[in-house]
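Hydrogens, waters and symmetry mates are skipped; everything else that's a heavy atom, side chains included, is used. Remember, it's 1-based here, ligands and their atoms both numbered in the order they're listed.
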Amino acid sequence: MAGFDQRDFRSALGRFATGVTIITARGGDGRAVGVTANSFNSVSLDPPLVLWSLDRKSGSLDAFESADEFAIHVLGLDQEHLSNRFASRGADKFEGLAIGDTGVPLLEGSAARFHCRKVQRHDVGDHILYIGEVIAFHASDDAPLLYLQGRYGEARRREVAELSYDLEAARLGKGAILNLLSDAYVRIIARFHAEFGALGLSQSAPVVLIALSEGVIALDEITRAVEARAYRFSAEEQQAMVRQGLIAIADGRVTLLPEGKTAYARMLAAMKRVEDHLIGGLTAGEVAEARHFLAKLGNLAED
Ligand SMILES: Cc1cc2nc3c(=O)[nH]c(=O)nc-3n(C[C@H](O)[C@H](O)[C@H](O)COP(=O)(O)O)c2cc1C
């Protein structure tokens, strides 16, 4: 025995999620047998081969050893009771199930069924490994029963994966104007924010200062201007600007203080630095075209 705890080993194996099958056969004496097994797996497509392993201690061992064929039933979500029945010893596992008197017992209503000819058997540790060649199969749309960490479960597709797939499908081409514009905007605005941050200004402060410089003084109007640019002018942000001595707020009105005027001038200088940087990479003709083009696009969006 390897130097590790068998319970830990089983528990680690249980982290591998599987489906659940019932595997049936008819022994040489004509007795129908069936066991619940999750050791089922596919092996080969051509030829079509599958495998599973049976505990040597199984009461069905003799029948499986003498049988030439077996049937693997992949259980559906509503067949948990059958899984439990075929995982227990003693009781008449086939009671109430129509399986006929001869041939491999075939159960109705499984998610999939593989009728196999036994082509190989191997003694492997405390189990016997059977390899079957599939001679007939059928599959239904029924949701399969799962087994994980000693408990039954059901399959659920990951929402995130599906969502990202949908987004990918809905995605505009890389050359779409919308994508190019938003990409340029995000990168340019990141440059602005780096400059503003160095001035100790929050993301909403520039919008507030610009609105004040344009003569807007009502707090709710300024707040709307900030929100239109997808920022927030929360009570904390308002207080931060007040503490910085940039503005005063009283009776729903905002006043630009001398310190605020200085910040506004610095902010304009920072904006000019970014603008100069961008323009520096364009020819005079491109700058004129860009201005014309962006203004036109804005107007078209409003039509
Ligand atoms: C989800 C699940 C999967 C199982 N997988 C196997 C398996 O792959 N091989 C096996 O021999 N027993 C497996 N068992 C245990 C057998 O179903 C159980 O020992 C059963 O009593 C055997 O029946 P028998 O002794 O009448 O042959 C599994 C049990 C459960 C609940």
Worksheet item: Are side-chain heavy atoms of Phe94 and Leu107 found at a separation under 4.5 Å?
Response: yes

Worksheet entry | First-shell residues of ligand 1 [heavy atom, distance under 4.0 Å] | Val35, Thr36, Ala37, Asn38, Ser39, Ser53, Leu54, Asp55, Ser58, Gly59, Ser60, Phe86, Ala87, Ser88, Arg89, Lys93, Tyr147

Worksheet entry | Any Arg291 side-chain heavy atom under 4.5 Å of Val287 side chain | yes

Discussion item. Within the 4.5 Å heavy-atom criterion, are Lys118 and Asp68 side-chain neighbours or not?
Written reply: no

Worksheet item: Under 6.0 Å between the ring centres of Trp52 and Phe114?
Response: no

Worksheet item: Considering only heavy atoms from C-beta outward, does the side chain of Lys57 approach that of Arg89 to under 4.5 Å?
Response: yes

Worksheet item: Taking the six-membered ring for Trp, is the centroid-to-centroid distance between His73 and Phe86 below 6.0 Å?
Response: no

